[in-house]
Protein chains: 2
Amino acid sequence: MNLKKNSLHDHNSCRQKVMEAAKAYCEQKRLKLTPVREAVLNMLLNEHQALGAYEILEGLRVAGFSAQPPVAYRALNFLRDIGFVHKIEQLNSYIACYHPDMSHSPVFLICQSCNDITEKSIDRHKDEFSIMADETGFQITNLVLEAKGTCQACLANL
Amino acid sequence: MNLKKNSLHDHNSCRQKVMEAAKAYCEQKRLKLTPVREAVLNMLLNEHQALGAYEILEGLRVAGFSAQPPVAYRALNFLRDIGFVHKIEQLNSYIACYHPDMSHSPVFLICQSCNDITEKSIDRHKDEFSIMADETGFQITNLVLEAKGTCQACLANL
DNA sequence: ATATGATTTGTTATGTTATAACATTCACTA
DNA sequence: TAGTGAATGTTATAACATAACAAATCATAT
Ligand SMILES: [Zn+2]
Ligand SMILES: [Zn+2]
Ligand SMILES: [Zn+2]
Ligand SMILES: [Zn+2]
């Protein structure tokens, strides 16, 4: 459990809001937020931090679902496709998105000391990398922007 | 072999220049560019594209070196530490840096169609992500900036 | 209602990427 | 030349991810 994050906001309501948004989104798009998929999203929303696929899988097993790797990866990929989960490439782990409504390119600040991950977001098409790509005629379909380092709280405690 | 890149410049001399730079750097820092390390860097410079660790390992085996995974990973990590090799996180692969002299944050443009990877570079401490991090008091030690998409040449051939 | 096709899930097996742990060799220097 | 730390060799295993196919479920059009 991530105490830091929980101390900063009403995480319970934040979690419920995202879950509602996911249900509404799927309904609107005629996609199915099936029990496995909902369980995975719920797990990530509860943890409020990045989890590896095999941690997800263990959670599914505990919850009574089939626990073979493809089950977890399929649910994760579904959730990534609809923008409610992001993958942290540097950690091979997955994290829920708390503002899936706005079309955004996520930027992650990963603290090596407390393992906390903050998702910032940038306006696609206006950031300098998209501009840099445009200049060379490169058409971006996916951006990975991750910074590893030390967060403010951990710097203060050094 | 990457014909596109080779057609754009004298790759032979570019390769040699970087290798000389690596030797000079190691000498100056009292680090050892041992045969395994040199072989790995040479392989990446020759290919002029990203290689997986196990491709590197196969190359080492062919060249008569020990070919257990740690051998490749240790060499790759040494070369990454001194800035002559970067890891492409989205591909789990490694690529030589052709401008290791300047302190830079690499930005990779990865073409999904021709597999070509272009390394751009941004001035650390002046880019908008470093500024974003600064604003929240986050101290960056490492930046991963990767864009997947389609390069100009491939767009033209669609 | 029921055949039909598409999507989702279950399951087995395997592929791919990376590190732990410890033994051995090598290079340098006291 | 004995001692030290760095580098390499080696075995084993951990961690991450997908291929392939079978079974169940769901949508929907006759
Ligand atoms: Zn997001
Ligand atoms: Zn921290
Ligand atoms: Zn570089
Ligand atoms: Zn291309």
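Residue numbers begin at 1 in each chain, while the letters A, B, ... track the order of the sequences. These figures come from a predicted structure and were not determined experimentally.
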Please confirm whether the shortest side-chain N or O distance from Tyr73(B) to OP1 or OP2 of dT8(D) is below 4.0 Å.
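Tyr73(B) to dT8(D) OP1/OP2: no side-chain N or O under 4.0 Å.
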Any donor-acceptor N/O pair, Glu47(A) side chain to Leu44(A) backbone, under 3.5 Å
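No, because the side chain of Glu47(A) does not come within donor-acceptor range (under 3.5 Å) of the backbone of Leu44(A).
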Between the main-chain N or O of Glu38(B) and the side-chain N or O of Asn42(B), is there a donor-acceptor pair closer than 3.5 Å?
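No; judged by distance alone, with no hydrogens or angles, the pair does not exist.
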If Ile, Leu, Val, Met, Phe, Trp and Tyr residues are connected whenever their side-chain heavy atoms lie under 4.5 Å apart, and connections chain through other members, are Leu155(A) and Phe129(B) in the same group?
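In one cluster with Leu155(A): Phe129(B), no.
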I'd like to check Ile131(A) versus Glu135(A) (side-chain heavy atoms, cut-off strictly below 4.5 Å). Are they in contact?
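SC-SC contact between Ile131(A) and Glu135(A) confirmed.
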In whole Å, I'd like the distance from the [atom1] atom of [X] to the [atom2] atom of [N].
| X | N | atom1 | atom2 | result |
| --- | --- | --- | --- | --- |
| Leu76(B) | dA18(C) | CG | P | 9 Å |
| Leu57(A) | dA15(D) | CG | C1' | 12 Å |
| Leu33(B) | dA6(D) | CG | C1' | 15 Å |
| Leu31(A) | dC26(D) | CG | P | 16 Å |
| Arg37(B) | dA6(D) | CZ | P | 11 Å |
| Glu55(B) | dG15(C) | CD | P | 17 Å |
| Arg30(A) | dT8(C) | CZ | P | 14 Å |

Could you check Tyr54(A) against Arg74(A) and say which one's nearest nucleotide on DNA chain C is further toward the 5' end?
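Its nucleotide being nearer the 5' end, the pick is Arg74(A).
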Counting only non-hydrogen atoms, which of residues 77-92 of chain B are less than 4.0 Å from DNA chain C?
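When residues 77-92 of chain B is checked for heavy atoms under 4.0 Å from DNA chain C, the hits, listed by number, are Lys87(B), Asn92(B).
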Is the number of heavy atoms from other residues, nucleotides or ligands under 6.0 Å of Glu27(B) CD greater than 12?
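No, the 6.0 Å shell around CD holds no more than 12 heavy atoms from other groups.
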Working to the nearest 0.5 angstrom, can you tell me the gap between Gln152(B) CD and Thr118(B) OG1?
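Spacing of CD (Gln152(B)) from OG1 (Thr118(B)) equals 10.5 Å.
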Is there a residue in residues 58-71 of chain A whose heavy atoms reach under 4.0 Å of DNA chain D, and which residues are they?
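When residues 58-71 of chain A is checked for heavy atoms under 4.0 Å from DNA chain D, the hits, listed by number, are Pro69(A), Pro70(A).
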Residues Arg61(B), Glu58(B): salt bridge by 4.0 Å N-O rule:
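Salt bridge flag = yes for Glu58(B) with Arg61(B).
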Letter per nucleotide, 5' to 3', of nucleotides 25-30 of chain C [B base touched, S only sugar-phosphate touched, - untouched; heavy atoms, 4.0 Å]
------
Where does the angle between the aromatic ring planes of His48(A) and Tyr98(A) fall among parallel (under 30°), tilted (30 to 60°) and perpendicular (over 60°)?
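Aromatic pair His48(A)/Tyr98(A) classed parallel.
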From C-beta outward on Ala53(B), which listed nucleotide comes closest to its side chain: dT8(D), dT18(D), dA18(C)?
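That would be dA18(C).
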How about [X] and [Y]: does a side-chain donor come under 3.5 Å of a side-chain acceptor?
| X | Y | value |
| --- | --- | --- |
| Gln16(B) | His11(B) | no |
| Arg15(A) | Asn12(A) | yes |
| Gln90(B) | Glu146(B) | yes |

